[in-house]
Amino acid sequence: MPELSPEILAKYEPVIGLELHAQLLTDTKAFCSCKAGYSDIPNATVCPICLGHPGTLPVVNRRHVEMAVLLGLATKCSIRPISAFARKNYFYPDLSKGYQITQFNDPICYEGSVTIEMEEGLMKEIGITRIHIEEDAGKSLHDIDIDTLVDFNRAGMPLLEIVSEPDLRSASEAYRYMVTMRQLVRYLGVCDGNLEEGSLRCDANVSVRLRGNSAFGTKTEIKNLNSFRNVEKAIAYEIERHIALIESGGQVQQVTMQWDASSQCTKEMRSKEQAHDYRYFQEPDLGYVRVNQEMIEMQQSHLPELPLAMKLRLQDQYGIPGYDAGILIEDKQLALFFENTCAELAIQNNERYKFVSNWILTEILKILSDKKIGISQAENIQPRGIAEIVDLFADEKISSKIAKEVFAEYLQSGISPVDYVAEKGLLQISDRTEIERIVLSALEGEEDNIAKYRSGKNNLLGYFISKVMKSSGGKANPRLVNELLTHYLQ
Ligand code: ADP
Ligand code: ZN
Ligand code: MG
């Protein structure tokens, strides 16, 4: 593909709409009582219903409907009181029934929206066209044997398809939308949001138009993007491909593309002529989905504080920067840990809340990412212990260096930081006279260096500071050391 100049790229406006499939965390499959969890053993969680044996009858899973309603409410959708199921007919080896049960003209949720935050405080509303209930197909395995093998464990797994309006205007907006939606389904507890393992899947529809035009250009659809990076890269590539095509006098054809991660480009999968005609018709084996007021109220009462709302609240309530709040809310448990730690502090103020946030973002996240665990699995890290360290530090009873030592010991033995500091005599020296004494004795015999410092070698201050800190066993209050040294060196 030819390089496009920034001027040419700027002539066009990308238009993007995403279709997401979320696999739900129900106990059982969509229309039978097979276990919905993952199984290593192929074709272990199957039954005549999800395999589509003749004469079997599907039954709607109440949890599937409830999760659809919950997600619909969280995305400000209207909820349809009565909606039907449809059969989407096509042939593929991993679809033993020959059709997929889905919803067509009357999805259970419709016309909602989701707020994404692009930069600090810059919000954008993305329309949600619809959310509908459907089942997954099985999985074809092409690379294990010379023949294609089929695993039907996934057949009949409960899905929600979430279709956005074509409201996204760049690859990075699409990326933000994906991140936001993943956070949302995780907060709601309806889906684990794992792109790599396919429990959250994304198809991206992309077109471009000349800026100022109101009509949309012809779109292409990129199938099955299995990571956030690939979503962003594939869309960015496809945008440039469309622009290059139009600039060279060509026309975009409505085709289905596939992202090829190895060559980092999109490739055509099928053209419009090859598009399926699914012969949708109403599923005769199932009745209507009915959502009454009681179910809506019940789900409304289960609606937790949503990620963006939580982020803004943390900023507001604790005075922490948006950057900090954004990282904390990426994992709801981490945000709760932050709040619980703040609640344990001896003194409640924004300075201490920021110390807590700093400690989580640096020390704690480092440990969690090394161990590849979440905060709830790190049993040796509790709000009480972290609050004690922050209080000791904020009261200037320990330096940041000693704080790290105390933290390491706390992780190891679980000893209360306050007790440990008292036991080991690690309390910071904040007594002016005593520090003065240490400073003066450290300056003894340093006439040469002092002269150099006074003649302008300012960086010698660091040398003096570390000398004083060392002779105090790391316990001298750094603020006082700095102040007194500067005074005596004048
Ligand atoms: P189709 O009939 O091909 O399935 P839909 O109208 O149902 O198309 O839209 C599918 C997805 O494509 C939606 O997410 C929608 O926002 C998006 N979309 C529709 N038209 C365009 C367009 N011109 N450019 C980009 N995305 C589009
Ligand atoms: Zn089954
Ligand atoms: Mg469609």
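We count ligands from 1, going down the list as the structure has it; atoms in each ligand are counted the same way.
Cation-pi contact between R87 and Y99: present, with separation from the ring centre below 6.0 Å and deviation from the ring axis of at most 45°. Y278 carries K88 over the face of its six-membered ring, with the cationic atom under 6.0 Å from the centre and within 45° of the normal. The side-chain tip of R209 does not point at the ring of F216 from less than 6.0 angstrom away and within 45° of straight on.
Residues A378 and L368 approach most closely at CB-CD2, 3.8 Å, considering heavy atoms. Of all the heavy atoms in L95 and A137, the pair that sits closest is CD1-CB, 4.0 Å. The shortest heavy-atom contact between S227 and E196 is CB-OE2, 3.7 Å. In plain terms, the two heavy atoms of I101 and L286 that are nearest each other are CG2-CD1, 4.0 Å.
Close approach of ligand 1 to F216 is summarised as follows: ligand atoms under 4.0 Å from at least one heavy atom of the residue are 23 (N). If you number the atoms of ligand 1 from 1 as listed, the ones under 4.0 Å from a heavy atom of G217 come out as 23 (N). Each of the following atoms of ligand 1 lies closer than 4.0 Å to a heavy atom of V15: 24 (N), 25 (C). Atom numbering of ligand 1 starts at 1 in the shown order; those under 4.0 Å from a heavy atom of E165 are 16 (O). Short contacts between ligand 1 and V163, defined as distances under 4.0 Å to a heavy atom of the residue, involve ligand atoms 13 (C), 14 (O).
When the options R130, K219, H242 are ranked by their closest heavy atom to atom 20 (N) of ligand 1, first place goes to K219.
Neither the backbone nor the side chain of E221 has any atom closer than 4.0 Å to an atom of ligand 1 (non-hydrogen atoms only). Within the 4.0 Å heavy-atom criterion, both parts of N205, backbone and side chain, lie near ligand 1. With a heavy-atom cut-off of 4.0 Å, T129 does not touch ligand 1 at all.
Remark: at the Zn ion (ligand 2), atom SG from C47 and atom SG from C34 enclose 100°, rounded to the nearest 10 degrees.
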E339 and R313: salt bridge (charged side-chain N to carboxylate O under 4.0 Å, His left out), yes or no, with the steps?
-> CA-CA 11 Å; E339 295 208 84; R313 181 176 61 76; 2.8 Å; yes
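For a threshold of 3.5 Å applied to N or O pairs, the pair formed by P166 and ligand 1 contains at least one separation below that value. For a threshold of 3.5 Å applied to N or O pairs, the pair formed by S207 and ligand 1 contains at least one separation below that value. Considering backbone and side-chain atoms alike, I16 places every N or O at 3.5 Å or more from each N or O of ligand 1. Some N or O of S164 is nearer than 3.5 Å to an N or O of ligand 1, by distance alone.
Taking the six-membered ring for Trp and thresholds of 30 and 60 degrees, F31 and H64 have ring planes inclined between 30 and 60 degrees apart.
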